Amino acid sequence: MEITYWNKNIETMDRPAIEALQLQRLRELVDQSLKMDFYKNRLLRVGITSSEDIQSLDDLRRLPFNVKDDLRQNFPTGLLAVDMRDVVRVHSSSGTTGIPTVIYFSRQDMDNWTDLLARSIVATGCCQDDVFQNMMTYGLFTGGLGLHYGAERVGMTVIPVGGGNTQRQVQIMKDFKTTVLHVTPSYLLHIHSKLESFETRPEDLYIQRVFLGAEPYSENTRLKLEDLYGIDAYNSYGLSEMNGPGVAFECVYKQGMHVWEDAYILEIIDPETGEILPDGEQGEVVLTNLVRSAMPLFRYRTRDLAYVNSEPCRCGRTHRRLSRIQGRTDDMLIINGVNVFPSQIEEVIMAIPEVGTNYLIHLTKIGSLDKLAVKVEIYSKLFTGDMSALDGLKAKIKEKLRASITINPVIELHEPGALPHSEGKAKRVLDEREQL
Ligand code: ADP
Ligand code: ZN
């Protein structure tokens, strides 16, 4: 496979060089943070008074963690390090788990972020010849404008369509012979279920690659989408607190996402104890942004769960890879005492060929017991009136789920389009246990 790089020197730097650069940037970050009231108090409390206290990368451990609540409590400008007139862009998080947090970019920050995205895009094999349709929501959400700028920098033909209006999306794909999409996996699944009504077959499209991100999804969902559309799907990870997309991206080998370690320090911790975990062990992703002037942020607890792969990658990039995100620490469901991540349920059902492109996890309470219903859309051709075939399918899904999550779910089969769908981040869980 031909490997192309955006910035080969940085992408293939040897480990000692990456770590030396990280240390130098970490020290600058500490000096920068000491000029800000909020961080200064925190750093002084742990005895850090200047960058002289940071002698090696291990000293990062002395720095306190920061969490989403710290950003919320400092809303709107408490964590701004520069004059507002030096801010050229404001973004915010989507607010999936509460009040959104705000993020500021200076001109230099924009330039750095855009470069990380250009690097990410080129790592998937895309180039100037591609036509890029960005189906992520524009506006305050970083998924829209972030990739937009990165794709322009690569020189792709960018179609800034934004989210929603499925028929128009498909028409644009055909009119402009779109070759690359940026989209949430749930929306790309949904689009497939609508293609027939637009008299379009996947073969009528020109899509070769898609960037999937913004929400957790399983490997089987990736495989399903690759198969349904005949495409290569690349995992893309980021969060607004760390700029947005472009923190980690898959290369052509699709074996985990390279974290751009010249710009971020990655740690994985035990979410309970805060202890740092070795590579390969799953825990909470903690990120330090090394190159941001308007809003420095170190040791940010993302609440996302993943593990690190430090094996060399065949693409030659030396930046370590992050596994698929299993979910957020607060996504975990406790069902009759058993811990389950929605992604575990998705992983099972998306491997069943009869299952279509949408599902919903519905939790209720009967007496003191939790009841788990998994509602899945199946392909309409399966609704033939043959009840025993449908019962057989239900039993098969139930058994596969039970074997994986050790809970006996109720399975409901639905026609395509019957369950609620989203055009941005999907809401896969309806938990009505509290209210009942
Ligand atoms: P919010 O935290 O309000 O959703 P963002 O819009 O900044 O705000 O979204 C970032 C979050 O989206 C990440 O912390 C993560 O939980 C999720 N996310 C982003 N990319 C991926 C991905 N490739 N796989 C799984 N989850 C992802
Ligand atoms: Zn690689």
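Throughout, residue positions are numbered sequentially from 1 according to the sequence presented. Nothing here was measured: the structure is a model prediction, and the numbers come from that model. Indexing begins at 1, ligand by ligand and atom by atom, following the structure's order.
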Discussion item. Can you tell whether the side chains of Asp111 and Arg153 come within less than 4.0 Å, N to carboxylate O?
Written reply: yes

Discussion item. What do you get for the angle at the Zn ion (ligand 2) between SG on Cys315 and SG on Cys313, to the nearest 10 degrees?
Written reply: 110°

Response to the item:
Looking only at protein heavy atoms, what sits closest to atom 4 (O) of ligand 1 is Thr96 OG1, 2.5 Å

Item to complete: Give the contacting part of Ser240 toward ligand 1: side chain, backbone, both or neither, where contact means a heavy-atom distance below 4.0 Å.
Response: both

Discussion item. Between Lys8 and Glu11 (salt bridge meaning N to carboxylate O under 4.0 Å), is one present in this structure?
Written reply: no

Practice prompt. Could you tell me if any non-hydrogen atom of Met257 lies under 4.0 Å from any atom of ligand 1?
Written response: no

Practice prompt. List the closest protein heavy-atom neighbour of atom 11 (C) of ligand 1: residue, atom name, distance to the nearest 0.1 Å.
Written response: Arg328 NH2, 3.6 Å

Discussion item. Tell me the protein heavy atom at minimum distance from atom 27 (C) of ligand 1, and give that distance in Å.
Written reply: Glu215 N, 3.6 Å

Item to complete: Please say whether the positively charged group of Lys375, taken as NZ for Lys or CZ for Arg, lies over the ring of Tyr359, i.e. under 6.0 angstrom from the six-membered ring centre and within 45 degrees of the axis.
Response: no

Fill in: Pick from Gly327, Gly424, Ala214: the one approaching atom 19 (C) of ligand 1 most closely through a non-hydrogen atom
Ala214

Practice prompt. Using a 4.0 Å heavy-atom threshold (strictly under), name the region of Lys425 that reaches ligand 1: side chain, backbone, both or neither.
Written response: side chain

Discussion item. So that I can tick it off, tell me whether Arg433 and Asp431 are bridged by a salt bridge, with the cut-off set at under 4.0 angstrom between side-chain N and carboxylate O.
Written reply: yes

Practice prompt. With heavy atoms of Gly213 as the reference, note each atom of ligand 1 found under 4.0 Å away.
Written response: 23 (N)

Item to complete: Using a strict 4.0 Å cut-off to heavy atoms of Pro216, name the atoms of ligand 1 that fall inside it.
Response: 25 (C), 26 (N)

Practice prompt. Could you tell me whether Glu250 and Arg222 have a side-chain N and a carboxylate O separated by less than 4.0 Å?
Written response: yes

Discussion item. Applying a heavy-atom cut-off of 4.0 Å, say which part of Ser236 lies close to ligand 1: side chain, backbone, both or neither.
Written reply: backbone

Practice prompt. Before accepting this row, confirm whether a basic side-chain N of the pair Glu284/Arg303 lies closer than 4.0 Å to the acidic partner's carboxylate O.
Written response: no

Practice prompt. Would you mind naming the N, O or S atom of His258 nearest to the Zn ion (ligand 2)?
Written response: NE2

Worksheet item: Which atoms of ligand 1 are found less than 4.0 Å from any heavy atom of Ile325?
Response: 24 (N), 25 (C)

Response to the item:
Which of His148, Glu152, Met156 passes side-chain contact (heavy atoms from CB on, under 4.5 Å) with Phe132? Answer is Met156

Discussion item. Tell me whether Asp70 is salt-bridged to Arg42, with the criterion being a basic N under 4.0 Å from an acidic carboxylate O.
Written reply: yes

Worksheet item: Which bit of Asn235 gets closer than 4.0 Å to ligand 1, counting heavy atoms only: side chain, backbone, both or neither?
Response: side chain

Practice prompt. Select the closest option to atom 8 (O) of ligand 1 among Gly95, Gly238, Ser94, judged by heavy-atom distance.
Written response: Ser94

Worksheet item: Are Lys371 and Lys365 side-chain neighbours, meaning at least one heavy-atom pair lies under 4.5 Å?
Response: no

Worksheet entry | Proximal atoms of ligand 1 relative to Phe141 (non-hydrogen, under 4.0 Å) | 6 (O)

Fill in: Electrostatic pair Glu215-Arg428, nearest N-O below 4.0 angstrom
no

Fill in: Cationic tip of Arg119 above Tyr5 ring, under 6.0 Å, 45° of axis
no

Worksheet item: What part of Asp304, side chain from CB on, backbone N/CA/C/O, both or neither, has a heavy atom under 4.0 Å from ligand 1?
Response: side chain

Item to complete: Could you tell me if any non-hydrogen atom of Arg324 lies under 4.0 Å from any atom of ligand 1?
Response: no

Worksheet entry | Ion pair check, Arg15 and Glu261, cut-off under 4.0 Å | yes

Discussion item. Applying a heavy-atom cut-off of 4.0 Å, say which part of Lys68 lies close to ligand 1: side chain, backbone, both or neither.
Written reply: side chain

